[in-house]
Amino acid sequence: MNKTIITVIGKDAVGIIAKVCTYLMNNNVNVEDISQTIVQGYFNMMMIVDTSKCEKQYIDMVNDLEKLGDETGVKIRCQREEIFTQMHRL
């Protein structure tokens, strides 16, 4: 299984989750876990997704999501789970 951590941060607006999830669905990326919160008008979402059935190259998906974030007014970042885990290990 190819897991990726996706974070989305920015000012809250209608449709952020829908846009990100629609992109993921259209590219056969399964959302395994999702957490989102809004604090004083700022949106924060973290997702764990399975990219094993995605037909796009990983870097293309990352670039597409960054572009989607720019269009939506948020920052979208992706990290492979193993890199995320190593970076946050104590």
Side-chain angles (χ1 to χ4, degrees):
M1 197 175 300
N2 298 319
K3 290 188 181 180
T4 296
I5 310 298
I6 299 175
T7 56
V8 182
I9 299 172
K11 287 196 174 192
D12 188 33
V14 173
I16 297 171
I17 296 171
K19 289 176 184 176
V20 173
C21 288
T22 297
Y23 175 86
L24 296 175
M25 177 194 67
N26 289 337
N27 288 281
N28 297 317
V29 177
N30 186 45
V31 176
E32 294 188 345
D33 201 354
I34 184 171
S35 172
Q36 67 92 26
T37 187
I38 300 168
V39 177
Q40 295 184 2
Y42 289 94
F43 178 85
N44 183 17
M45 178 170 66
M46 181 174 150
M47 308 170 88
I48 300 173
V49 301
D50 176 7
T51 59
S52 61
K53 294 183 182 175
C54 183
E55 294 178 5
K56 287 192 173 195
Q57 293 291 322
Y58 184 80
I59 190 65
D60 293 332
M61 181 191 78
V62 169
N63 291 334
D64 288 350
L65 285 168
E66 286 180 359
K67 182 179 176 187
L68 178 63
D70 292 342
E71 294 168 359
T72 308
V74 296
K75 293 290 182 190
I76 301 177
R77 298 290 177 251
C78 301
Q79 284 184 300
R80 293 187 189 273
E81 180 187 42
E82 61 269 16
I83 294 171
F84 184 88
T85 301
Q86 290 299 319
M87 287 177 58
H88 294 91
R89 191 176 63 175
L90 294 175

Separation between SG of Cys78 and CD1 of Ile59, rounded to the nearest 0.5 Å: 9.0 Å

Candidate list Thr7, Asp70, Val20, Ile16, test side chain to side chain contact (heavy atoms under 4.5 Å, CB included), partner Ile76, passing option: Val20

Heavy-atom side-chain contact between Met45 and Val74 under 4.5 Å: no

Side chain to side chain contact (heavy atoms under 4.5 Å, CB included) between Thr4 and Tyr58, worked out: CA-CA 10 Å; Thr4 296; Tyr58 184 80; 3.3 Å; yes

Thr72 versus Leu68, closest heavy-atom pair with distance: OG1-O, 2.7 Å

ILVMFWY network linking Tyr42 to Val8, side-chain heavy atoms under 4.5 angstrom: no

Stepwise side chain to side chain contact (heavy atoms under 4.5 Å, CB included) check, Asp50 with Val29: CA-CA 6 Å; Asp50 176 7; Val29 177; over 6 Å; no

Same apolar cluster: Tyr23 and Ile17, side chain cutoff 4.5 Å: yes

Side-chain heavy atoms of Ile48 within contact of Ile5, under 4.5 Å: yes

Test item: Glu66 and Arg77 side chains (from C-beta on) under 4.5 Å apart, heavy atoms: yes

Straight-line distance of Asn30 CG to Met47 CE, nearest 0.5 Å: 9.5 Å

Heavy-atom side-chain proximity of Asn27 to Asp64 below 4.5 angstrom: no

Minimal non-hydrogen separation, Ser52 against Asn2, with atom names: CA-ND2, 3.6 Å

Heavy atoms from other residues, nucleotides or ligands near NZ of Lys75 exceed 12 (cutoff 6.0 Å): no

Hphob cluster co-occupancy, Val31 + Met61, side-chain heavy atoms under 4.5 angstrom: yes

Min side-chain heavy-atom separation Lys11-Phe43 under 4.5 Å: no

Over 12 non-hydrogen atoms of neighbours within 6.0 angstrom of CD in Glu71: yes

Exercise: identify the closest heavy-atom pair between Glu55 and Asn28: OE2-ND2, 4.3 Å

Among Ile34, Thr51, Val62, Val49, the one residue meeting side chain to side chain contact (heavy atoms under 4.5 Å, CB included) with Ile6: Val49

